[in-house]
Enquirer: 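One structure follows; several queries about it will come next.
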2 protein chains.
Amino acid sequence: MIKKQLIMDKALELFAEQGFEATSVQQITAHCGISKGAFYLSFKSKDELILALIDHFMTQFITNIDYEVKNTKNDGDLLYKFYYTIFDSFHKHSDFGKILIKEQMQSFNEEFILKILAYDQLMEKVILSMVERLYGEKIEQIKYDLIYCIKGFMKTYSELFLFHNLPLDLNLLAESLVEKTNLLAKHITIPFISTELVQLFKQPTQKEVTKEQILDIIEQCIEEIAESIEKESLILLKQQLLEPTLSPVLVKGLLENIRTHPHCKWVAYLLRNYFGF
Amino acid sequence: MIKKQLIMDKALELFAEQGFEATSVQQITAHCGISKGAFYLSFKSKDELILALIDHFMTQFITNIDYEVKNTKNDGDLLYKFYYTIFDSFHKHSDFGKILIKEQMQSFNEEFILKILAYDQLMEKVILSMVERLYGEKIEQIKYDLIYCIKGFMKTYSELFLFHNLPLDLNLLAESLVEKTNLLAKHITIPFISTELVQLFKQPTQKEVTKEQILDIIEQCIEEIAESIEKESLILLKQQLLEPTLSPVLVKGLLENIRTHPHCKWVAYLLRNYFGF
DNA sequence: TATACTAATGACTAACTAGTCAGTTGTCAA
DNA sequence: TTGACAACTGACTAGTTAGTCATTAGTATA
């Protein structure tokens, strides 16, 4: 397990520099100081490593944003916190950010694209819920344009510091983008992306996660982590999922317990959605 | 020469699908119906092919936009024409557009990155001149933010139709983005990208093209193209470059003669800048 | 028809790749 | 000390890659 993490860390560095395909398993193992065989004890294949990386960071990423959005009570702070969290994550995990921007689309492997696309749509969902909460029905006609503008800001402004490592004033960046977003939200009259247009490319993916799938993931999580409050909470949450007995406030408390544990973030996100928090 | 074009066309299709590295020379030659040896008669290496592709499309691309911007007399149409031309080009050369978005940064080869970066800066220069002409000194403080927002629009909105091939209403798209751009230009008060910040990452590249370099390129161009008005014009322009004798209006006419010829577009762009049109 | 030249071929090399597996090492418990 | 077991190694296979070059096909001129 610790070895798996080592490989993922070191591989990420190389991928960010050279890209997936240009990086060989040889290079990765050399960079880790382990043998080729040891690599294949942790991962079935090179592809599995890549998928694991995507899952690891994207779940972390979306989970953070989603939590921030859902738990900011004051609407006035919401956009600011959104941008701040986004760029803070990008900055902290700049290696993964580079990969994401670089390799975001059809690199070769159908599975990668679908995975990244699915996560991209989750992110859109989070942005959409934020936009709707902030601006209400007034922006019904222009909400998809707004989402695409926000995504545009995220892309161009993150490149600015991902690829030239400049000193970054996160506070100013967030404030600046909040102003831009508010401006667009208040004054756009000519939307380009209609609801019909969105339907046209939203057919695939977007499948709901079933209770059984969540149970599987909890199970896996329980095995992975050591004896702790998080583990106890997970076990109780699993029972709650099978047979609801606890009151909502208790469940919410249990979710708070596991919220920050790196291995539980994704489960926490799924459960929050499942229980309707 | 005709074979070179064939290889570039067919390679582009494969690159757009699979990326540079995932596409082998074998695949390219098979797709062209030629032998491996024949490939190496046209290009010294696989890298040379890629560089040639970048040059071919980027020069075409920037040249088109630059001409459109410089030759639109009415400021009211300028932004509209800019967006229209950009997305029209992206749409027509969607294969190259995909590659550009995908592979825009450090894929592995230092030379590619520098090339694309240099063209990117040329594009920024064109956008900057347009923004300054449209909004004047009012936007002095926010002009770089404006450029980055425009680039953000270009990125997100082009992905929309590059990767899901939807029906595209170019007119509506351009109008919609014109409105957004004007909104931002008029109301932004909190810029993020200061002039100092720009200086920090603008050190490399951006070298001016010398008269001698232009002469070299003209020479090459004259050899490449058949006997024609374009060729005659080129020869006269070359003489003008060595020894200015013709009046500006005549030079401008000669430039008009070569403007649309695919092999001369880049030369025309360089000469326009050199003669100050 | 003979000659000279260029265009084109594809088997070949050397260097790489992902993935395997027989064998070695290290670490425990008995 | 012995035995059992898991962790680990790196030479190995089978395949792909970019690039070369002796050979051949095609064409134009004398």
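This one's a predicted model, so the numbers in the text were calculated from it and none came from an experiment. The analysis underlying the following values was restricted to heavy atoms, covering all of them including side chains, and did not include hydrogens, waters or symmetry mates. Below, chains carry the letters A, B, ... as their sequence lines are ordered, and counting in each starts from 1.
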Enquirer: Without decimals, in angstroms, what is the distance between B:Glu48 CD and D:dA18 C1'?
Expert: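 Going from CD in B:Glu48 over to C1' in D:dA18 covers 14 Å.
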
Enquirer: Could you check how far CD1 of B:Ile28 sits from C1' of D:dA18, rounded to whole Å?
Expert: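 It works out to 11 Å between those atoms.
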
Enquirer: About how many Å separate CD1 of B:Ile2 and CD1 of B:Ile7, when rounded to the nearest 0.5 Å?
Expert: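 Reported value, rounded in 0.5 Å steps: 12.0 Å.
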
Enquirer: Starting from P on D:dG19, measure out to CZ on B:Phe43 and report it in whole angstrom.
Expert: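 Roughly 13 Å, once rounded to whole Å.
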
Enquirer: Taking only side-chain N and O atoms of B:Ser35, does any of them lie within less than 4.0 angstrom of OP1 or OP2 on C:dG10?
Expert: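 For B:Ser35, the contact criterion (side-chain N or O under 4.0 Å from OP1 or OP2 of C:dG10) is not met.
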
Enquirer: Got a salt bridge between B:Glu17 and B:Lys98, using NZ or NE/NH1/NH2 to carboxylate O under 4.0 Å?
Expert: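 No, B:Glu17 and B:Lys98 are not salt-bridged.
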
Enquirer: Check whether any side-chain nitrogen or oxygen of B:Lys44 sits under 4.0 Å from OP1 or OP2 of D:dG19, and answer yes or no.
Expert: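 Negative; the distance criterion is not met.
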
Enquirer: Among C:dG19, D:dG19, D:dT9, which nucleotide sits nearest the side chain of A:Lys36?
Expert: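 Looking only at heavy atoms from C-beta outward on A:Lys36, the closest nucleotide is C:dG19.
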
Enquirer: Taking for each residue the nucleotide of DNA chain C with the nearest heavy atom, is it A:Phe39 or B:Ile34 whose nucleotide lies nearer the 5' end?
Expert: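 Nearest nucleotide further toward 5': that of B:Ile34.
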
Enquirer: Check the distance between D:dT16's C1' and A:Gln26's CD and give it to me in whole angstrom.
Expert: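 Going from CD in A:Gln26 over to C1' in D:dT16 covers 15 Å.
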
Enquirer: How far does OG of B:Ser89 sit from CZ of B:Phe57, to the nearest 0.5 angstrom?
Expert: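 It comes to 11.0 Å.
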
Enquirer: Hey, which of these two, A:Gly37 or A:Val25, hits DNA chain C nearer its 5' end, going by closest nucleotide?
Expert: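 In this pair, the answer is A:Val25.
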
Enquirer: Could you check which of D:dT17, C:dT9, C:dA8 has an atom nearest any side-chain atom of B:Ser24?
Expert: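 Output: D:dT17.
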
Enquirer: Using the side-chain heavy atoms of B:Tyr40, tell me which of these nucleotides is nearest: D:dA18, D:dT9, C:dA18.
Expert: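 Of the candidates, D:dA18 comes closest.
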
Enquirer: Starting at CG of B:Leu6 and ending at P of C:dA7, how long is that distance when rounded to a whole Å?
Expert: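 In whole Å, C:dA7 P and B:Leu6 CG are 16 Å from each other.
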
Enquirer: Could you give the CD1-to-P distance, from B:Ile2 to C:dT6, as a whole number of Å?
Expert: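 Value for this atom pair: 21 Å.
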
Enquirer: State plainly whether the residues B:Lys151 and B:Asp120 are in salt-bridge range, i.e. N to O under 4.0 Å.
Expert: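 Yes, this pair counts.
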
Enquirer: Tell whether A:Lys46 reaches the base of C:dG19 with its side chain through a donor-acceptor pair below 3.5 angstrom.
Expert: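 Counting by modelled atom types and ignoring angles, no donor-acceptor contact under 3.5 Å is found here.
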
Enquirer: For the side chain of B:Leu41, counting heavy atoms from C-beta on, which of D:dG10, C:dA8, D:dA18 is nearest?
Expert: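 That would be C:dA8.
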
Enquirer: Between C:dA7 atom C1' and B:Lys3 atom NZ, what is the distance in whole Å?
Expert: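 To the nearest whole Å, that distance equals 8 Å.
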
Enquirer: In whole angstrom, give the distance that lies between atom CG of A:Leu49 and atom P of C:dA18.
Expert: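 Checked: the CG to P distance equals 11 Å.
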
Enquirer: Counting N and O atoms only, with roles assigned by atom type, does the side chain of B:Ser35 sit under 3.5 Å from a partner on the main chain of B:Ala38, one being a donor and the other an acceptor?
Expert: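 Here the side-chain-to-backbone pair exists.
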
